[in-house]
Peer 1: 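Just dropping this structure here.
On a predicted model such as this, the values are computed, not experimentally measured, just so you know. Counting starts at 1 for both ligands and their atoms, following the listed order. Scope of the values below: all heavy atoms of this structure, side chains included, with no hydrogens, waters or symmetry mates.
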Amino acid sequence: MDETITSVLDEQRKFEPPHDAGANIPSFAAYRQWCRRFAEDADGTWRELAREHLQWQKPFTRVLNREHPPFFTWFEDGCLNVSENCLDRHVADGNGERTAIIWEGEPGDVRRISYRELLSEVCRAANALRQLGIEAGDRVVIYMPMIPEAAVAMLACTRIGAVHSVVFGAFSAQALRDRIEDAEAKLVITADGGWRRGAVHALKARVDQALYEGGRSVRHVLVVRRGGNEIDWQQGRDIDWQQALQVEPDACTPAMLGAEHPLFILYTSGSTGKPKGILHTTGGYLLWARLTMLWTFDFRPQQDVFWCTADIGWITGHTYSVYGPLACGGTTLMYEGVPTYPDAGRLWRICQDHRVSIFYTAPTAIRALIKAGDEWPRRYDLSSLRVLGTVGEPINPEAWMWYYTVIGRRRCPIVDTWWQTETGGHMIAPMPFATPTKPGSATLPLPGIDADVVDGNGLSIREGGGLLVIRQPWPSMLRGIWGDEQRYVDTYWRKFDGRYYFAGDGARRDEDGYCWIMGRVDDVLNVSGHRLGTMEIESALVSHAAVAEAAVVGRPDDLKGEAICAFVVLKAEASEALKQQLREHVAGEIGAIAKPDDIRFAEALPKTRSGKIMRRLLRDIAAGKRIAQDISTLEDSAVVSSLLSGEH
Ligand code: WTA
């Protein structure tokens, strides 16, 4: 990462945006004007946008309620329904035959679903949920592959006011159980399996495992058949999705829900303890999902085919595979499998075959495709592309330039979007036809977003490095952590005495006011754009009988951004076989994405006299850096010497 940081600091290139008079924000002046409108009258501007962009069942009168900071509410006395905004509204506008979802399965099967069809399917599913006793406010866990039924399940929840919590399909049974229990879910919606790398991976079996010992709140499991693999049906508990939907009518009145009705919980990693359930609500979230589609991607629903490659198990999949594009009435593409199956041309072939015009992916995917060679994208007709986006981790300028030249053929603007599970939607990003871009910079905050770079005391830093904060509430901000109000206050607001939202990222601002995100300043790792807490991996390790103590740190990695490095003190004898066992153990506790890349056995962990593990030092050791720092405060400096000398 050192090299990346140096190259980012030296980066001087600047690219003017292409001109397009038909763009939603067609010039830098237009962008500035939006910012000015918010500066002059934020509430009034939000009011107007919320009225114009959402369909309300009952209009709101109050925009932002600041009475109980940091618990802010938006449009609180208004009522609306997300599925109605994403479906009925477009059918009523005469766009029922427009394609809502283009789906491609990994084996190559394709489905195109119109808005009218999607609405029927969602209504049937919503009715089926009601039949199973699901009511407004009940939690439903969705553990699915990337198939259209996943989006149908999400929208069906919103139709009746159930709160969904999507769990990434590659998470382990244990991780699934933790989430089911924390959310006290009544229902799990899953599939027999899904395709990945040419084979079917079983999902239902993991649900069975999760519910074997725990998850007592779950009454039913709805199972979509996709993989064709064997399933072990539990009488009375398990229900076949297709059969359940078949008998239901294809109409279902959308529930009238308050703007602050909980929409979904999405678990994400923090620096301490178990993953936290980030709570988003109805009105504000949907407004920002729609606006950022229109602004950051210049989405034009009548003509664009939008493809966000993220799995719906992550916030990016929620906001930009499902809610954003559908709230706009446009076409979203979903792909089931891995990007390099059967070969490294898969993504580009999909772009060609379905005439994808806006493409959004993570820097890790871009770096992997660079490695595969330029011949892959060259083989395909990519002329339909007009905007390219990245998300999830800092993009190194080299990868940015490749994306820009080889994929975008220097025609397509690149939008590097900084945001988080907590922010619901984009916070810092260029407007594709307005903002000049610099490779590696997320550029400037979106209109309405008061982002700043500050020092440890909260003082704004005009030019230089500091901490990224948001100074004013925004509609799609998280409303809290499920079941833990105090943790919400402590994690995001305590750092600056309740004045600002603290994102947990470091950033540098350059002479043009552009933001360069430098990565997490807490104990959260970003591995291939996926967030993982070091503590989570440490607890997984120490839950193994052979482990006495463990410390996990990140190490720079050219492909994944960060690799996971674990220092482990054993109770048992060290061996290569044990290393492998520990890796598998972590995969079983959390999921394969959390498997440590390096495991180093140590006699002891370096600690300060007060007993704190010296993570900074471990990070340096993991990165193979020379240790410059003073180690005299260590309890036992011999520990460090042994870590340094020993190639464990
Ligand atoms: C990082 C993903 C640099 C950042 C949407 C943030 C980024 C965390 C960028 C959130 C970007 C996200 N440039 N870093 N464009 N986008 N990050 O919650 O550290 O999975 O705090 O949300 O990813 O990860 P999360």
Side-chain angles (χ1 to χ4, degrees), residues 1 4-5 8 11 166 168 171 264-271 275-280 285 288-289 292 296 308-321 323-324 360-367 388-397 399-400 403 414-430 437-446 449 451 453 467-470 476-478 481 491-492 501-508 514-534 536 554 560-562 593-594:
M1 193 61 83
T4 313
I5 286 176
V8 163
E11 185 55 54
V166 183
F168 180 43
F171 276 135
F264 65 83
I265 302 167
L266 185 59
Y267 286 84
T268 189
S269 296
S271 50
K276 47 198 177 191
I278 303 298
L279 176 67
H280 282 287
Y285 171 82
W288 199 233
T292 51
T296 314
C308 161
T309 66
D311 189 279
I312 45 141
W314 310 107
I315 189 69
T316 309
H318 280 60
T319 309
Y320 299 110
S321 285
Y323 292 120
Y360 190 36
T361 197
T364 291
I366 298 171
R367 287 190 294 261
L388 300 173
T390 78
V391 58
E393 47 181 328
I395 182 162
N396 44 312
W400 195 102
Y403 203 27
I414 308 273
V415 290
D416 174 356
T417 61
W418 176 83
W419 60 295
Q420 311 176 293
T421 305
E422 292 87 340
T423 69
H426 302 151
M427 302 300 275
I428 303 179
T437 49
K438 304 182 188 186
S441 170
T443 77
L444 301 166
L446 270 83
I449 302 302
V453 177
L467 301 171
L468 197 54
V469 298
I470 316 292
S476 66
M477 64 192 297
L478 76 164
I481 292 173
T491 310
Y492 305 104
Y501 167 86
F502 172 51
D505 279 307
R508 186 175 64 86
Y514 276 38
C515 292
W516 301 74
I517 313 296
M518 308 308 275
R520 305 287 308 192
V521 295
D522 53 11
D523 292 321
V524 171
L525 305 182
N526 193 326
V527 181
S528 305
H530 298 147
R531 246 168 100 166
L532 289 166
T534 51
E536 247 178 295
K560 304 205 247 180
E562 257 183 316
I593 53 168

Peer 1: Do Ser528 side-chain atoms and Thr364 backbone N/O form a donor-acceptor pair below 3.5 Å?
Peer 2: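 Looks like no, no N/O pair under 3.5 Å.
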Peer 1: Which atoms of ligand 1 sit under 4.0 Å from any heavy atom of Thr421?
Peer 2: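 The atoms of ligand 1 under 4.0 Å from a heavy atom of Thr421 are 18 (O), 20 (O), 22 (O), 25 (P).
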Peer 1: If I take atom CG from residue Asp311 and atom NE2 from residue His530, how far apart are they, to the nearest 0.5 angstrom?
Peer 2: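 So the CG of Asp311 and the NE2 of His530 are separated by 8.0 Å.
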Peer 1: Parallel, tilted or perpendicular: which fits the ring planes of Trp419 and Tyr320, with parallel below 30° and perpendicular above 60°?
Peer 2: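 Answer is perpendicular, since the angle exceeds 60°.
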Peer 1: Taking the six-membered ring for Trp, is the centroid-to-centroid distance between Tyr285 and Phe264 below 6.0 Å?
Peer 2: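 Judged by ring-centre distance (under 6.0 Å), Tyr285 and Phe264 do meet the cut-off.
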Peer 1: Tell me, which protein residue and heavy-atom name are nearest atom 10 (C) of ligand 1, and how many Å apart are they?
Peer 2: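 I find the closest protein heavy atom is Trp419 O, 3.6 Å.
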Peer 1: Would you say Pro394 touches ligand 1, if touching means a heavy atom closer than 4.0 Å?
Peer 2: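 Under 4.0 Å: yes for Pro394.
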Peer 1: Which of the numbered atoms in ligand 1 are below 4.0 angstrom from a heavy atom of Asn526?
Peer 2: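 Contacts of ligand 1 toward Asn526, numbered from 1: 1 (C), 23 (O).
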Peer 1: Compare Met518, His426, Glu393 and give the one whose heavy atom is closest to atom 9 (C) of ligand 1.
Peer 2: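 That would be Glu393.
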Peer 1: Who's closest to atom 16 (N) of ligand 1 heavy-atom-wise, of Ala507, Gly392, Cys515, Gly561?
Peer 2: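 Among Ala507, Gly392, Cys515, Gly561, the closest heavy atom to atom 16 (N) of ligand 1 belongs to Gly392.
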Peer 1: At less than 4.0 angstrom from any non-hydrogen atom of Thr316, what atoms of ligand 1 do you find?
Peer 2: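 Near Thr316, the atoms of ligand 1 are 5 (C).
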Peer 1: Suppose we measure from atom 24 (O) of ligand 1 to each protein heavy atom; which comes out shortest, and what is that distance?
Peer 2: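 The answer is Arg531 CD, 3.2 Å.
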Peer 1: Taking only heavy atoms of Thr417 into account, list the atoms of ligand 1 that are under 4.0 Å away from them.
Peer 2: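 In order of numbering, the contacting atoms are 9 (C), 11 (C), 15 (N), 16 (N).
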Peer 1: Of all the atoms in ligand 1, which lie at a distance below 4.0 Å from a heavy atom belonging to Ile315?
Peer 2: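 Checking each atom against Ile315, I get 5 (C), 22 (O).
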Peer 1: Considering Val524, Val391, Thr268, Asp505, which one's heavy-atom position lies nearest to atom 21 (O) of ligand 1?
Peer 2: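 Residue with the shortest heavy-atom distance to the ligand atom: Asp505.
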Peer 1: Judged by modelled atom types alone, do Tyr403 and Thr361 share a side-chain donor-acceptor pair under 3.5 Å?
Peer 2: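 Note: Tyr403 and Thr361 side chains miss the donor-acceptor criterion.
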Peer 1: Could you state the interatomic distance from CE (Met477) to OH (Tyr492), rounded to the nearest 0.5 Å?
Peer 2: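 So the CE of Met477 and the OH of Tyr492 are separated by 11.0 Å.
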Peer 1: Using the side-chain contact (heavy atoms from CB on, under 4.5 Å) definition, which of the options Leu266, Val166, Thr423 pairs with Ile315?
Peer 2: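 The side-chain contact (heavy atoms from CB on, under 4.5 Å) with Ile315 is passed solely by Leu266 among Leu266, Val166, Thr423.
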Peer 1: Give, for atom CD1 of Ile265 and atom CD1 of Ile481, the distance between the pair rounded to the nearest 0.5 Å.
Peer 2: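 Separation between the atoms: 12.0 Å.
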